[in-house]
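A short write-up of the structure that comes next.
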There are 2 protein chains.
Amino acid sequence: MSAEETKKRILDAAERLFASQGFHNTSLRDITREARVNIASVNYHFGTREALVREVVLRRLVPVNRDRLRLLESLRHAASRGPDDISSRPTVREILVAFLEPSIKFISTEPAANDFVRIMGQGMADPDENIRKLFMEQVRPVFNTMAELLSMALPSIPRPVIHMRLHCFIGAFAHWMRLMGSDSLLSGTNMFPNSPEEVMKELLNFCEAGMEAPL
Amino acid sequence: MSAEETKKRILDAAERLFASQGFHNTSLRDITREARVNIASVNYHFGTREALVREVVLRRLVPVNRDRLRLLESLRHAASRGPDDISSRPTVREILVAFLEPSIKFISTEPAANDFVRIMGQGMADPDENIRKLFMEQVRPVFNTMAELLSMALPSIPRPVIHMRLHCFIGAFAHWMRLMGSDSLLSGTNMFPNSPEEVMKELLNFCEAGMEAPL
DNA sequence: GTCTATAGATTGATAGAC
DNA sequence: GTCTATCAATCTATAGAC
């Protein structure tokens, strides 16, 4: 088998298992059994378990965050033309959409998106500092840019409050990522099949209003 | 040493370590070393590791949720007097406060609250089904009651949308629980020392507006 | 109730044949 | 590149002396 094929099978298997069992409960043996490759091939292709985890995460996260940053930067660029011109200011909704739309695109394009979306949701809440850092390093520039743009969109709201509200958004988003494909908490009814687009629309309505809430 | 003293030392040590390292990365040896008791005493007092985890969680969660339900039921009782009387309807803010206030009380009363708050935040996102169930079983009746009351407070909003918005609230809340005592994601600046009361006030402002957002 | 000692299983990593 | 075999470390749980 080609090297690339083997690597891909390991990454795909690890992604599936991490999503359903978590990082810490999934052994290399679980992964190689699921991928139907030899146990030693992980070490050959990735070096260590940690390096494999890293590649599983970055393979998906890097392109999505690049899209997010590109959209956010174009909002900032439009705004910088006329900082005093209210009409050129980004709106709260535009900023949130710039974050959410790459997620939507990813979810509706990539068949394994459900798995990664759950990995993303739990990774941001992982107690293991190394795991959390892996996510945060990628996501931090996106959040910083969002905070700046939100300050422009909501000049009457102090920056610390912007940050706290952004955290509310992040928390709601991560929670929805975790729920995707799993059972609802509420009354045992599975709230899905709501399409990802529907979920995102509701998340957007909720968080837009929350961001603009009076002090 | 008395049995109760030993049990308490084990529970306290486990709570500290679960908060900082997570459930899955903390071994019984870590716990007994931190508690300064013998490794075999865990089995003697709790039976299995899983039973210990369960007691660590329930010791804190049960009384807080009892308070939440009591406050929510009193809102429902007041409303049931005059279902057509708008003035007797619970407000969104009252419902959210009924959920949040017992958390505040717990946080400002109990010295180890910070640890448990982080445990709570990660437990609701844990990929291990047993862990998640442990939390969900306790929290489910609270969420169901909240959904009912929110439907009364917001009669124009369809029940599925109420559920989705409640999930936004839950996600934001859990995220804040996780952040308590840890570093901020944003620009490396630690957003704390904001008091828990301040955090809750902002969470409340954000989520009240989100709940009442137009369709 | 507390302790030592250990059973029995599982883990990540690697050496070396092919 | 793939495989078998194995090492060294770690884990939970428990038997049995005190």
Side-chain angles (χ1 to χ4, degrees), chain A residues 1-59 119 122-123 126-131 133-134, chain B residues 1-59 119 122-123 126-131 133-134:
Chain A
M1 204 185 318
S2 79
E4 280 313 306
E5 166 75 8
T6 301
K7 281 189 75 165
K8 184 174 179 332
R9 278 168 67 170
I10 293 172
L11 287 170
D12 289 346
E15 186 172 62
R16 276 195 297 278
L17 292 174
F18 288 161
S20 62
Q21 310 177 359
F23 294 111
H24 305 287
N25 282 344
T26 304
S27 68
L28 292 184
R29 283 172 174 77
D30 291 338
I31 294 169
T32 53
R33 196 183 313 121
E34 168 91 4
R36 309 214 289 183
V37 300
N38 188 274
I39 168 85
S41 59
V42 171
N43 188 259
Y44 180 79
H45 287 287
F46 296 94
T48 66
R49 184 185 190 281
E50 202 179 348
L52 168 60
V53 169
R54 195 177 162 79
E55 282 214 42
V56 167
V57 172
L58 294 186
R59 175 171 71 144
I119 288 177
Q122 52 167 279
D126 201 287
D128 182 332
E129 201 188 355
N130 291 327
I131 298 281
K133 267 188 184 163
L134 175 58
Chain B
M1 205 186 316
S2 80
E4 280 312 307
E5 166 74 8
T6 301
K7 281 189 76 165
K8 184 173 180 334
R9 278 168 65 170
I10 293 172
L11 286 170
D12 289 347
E15 187 172 62
R16 277 195 296 278
L17 292 175
F18 288 161
S20 62
Q21 310 178 357
F23 294 112
H24 306 287
N25 282 345
T26 304
S27 69
L28 292 184
R29 281 174 172 76
D30 291 338
I31 295 169
T32 52
R33 196 182 315 121
E34 169 91 5
R36 310 215 287 183
V37 300
N38 187 275
I39 169 83
S41 60
V42 170
N43 188 259
Y44 180 81
H45 287 289
F46 296 94
T48 66
R49 184 185 190 280
E50 202 177 350
L52 168 60
V53 169
R54 195 178 163 77
E55 283 214 43
V56 168
V57 172
L58 294 186
R59 175 172 70 146
I119 288 177
Q122 54 167 275
D126 201 288
D128 183 332
E129 201 187 354
N130 291 326
I131 298 282
K133 267 188 183 160
L134 174 59

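Every chain is numbered from 1, with letters handed out A, B, ... down the list of sequences.
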Of all heavy-atom pairs between [X] and [Y], which one has the smallest distance, and what is that distance?
X       : Y        : result
B:Asp30 : B:Leu17  : O-CD1, 3.4 Å
A:Phe23 : A:Arg49  : O-NH2, 2.6 Å
B:Gly22 : B:Gln122 : CA-OE1, 3.4 Å

**Request:** With the side chain of A:Asn38 defined as its heavy atoms from C-beta on, choose the nearest nucleotide among D:dC3, C:dT2, C:dG1.
**Result:** D:dC3
Between atom [atom1] in [X] and atom [atom2] in [N], what is the gap in whole Å?
X       : N      : atom1 : atom2 : result
B:Asn25 : C:dT11 : CG    : P     : 15 Å
A:Ile31 : C:dT10 : CD1   : C1'   : 15 Å
A:Lys7  : D:dG1  : NZ    : P     : 10 Å

**Message:** Counting only side-chain nitrogens and oxygens, does A:Thr6 get under 4.0 Å of the OP1 or OP2 atom of D:dT2?
**Reply:** yes
**Prompt:** Is there a donor in the side chain of B:Asp126 and an acceptor in the side chain of B:His24, or the other way round, less than 3.5 Å apart?
**Reply:** yes
**Request:** Indicate yes or no for a side-chain donor-acceptor contact from A:Asn43 to the backbone of A:Ala40 under 3.5 Å, with no hydrogens or angles considered.
**Result:**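 Answer holds: no.
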**Request:** Check whether any side-chain heavy atom of B:Ile39 sits under 4.5 Å from a side-chain heavy atom of B:Ile31, and report yes or no.
**Result:**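 No - every pair of side-chain heavy atoms lies 4.5 Å or more apart.
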**Request:** For nucleotides 12-18 of chain C, just jot down a letter per nucleotide in 5' to 3' order: B, S or -, based on protein non-hydrogen atoms under 4.0 Å.
**Result:** BBB----
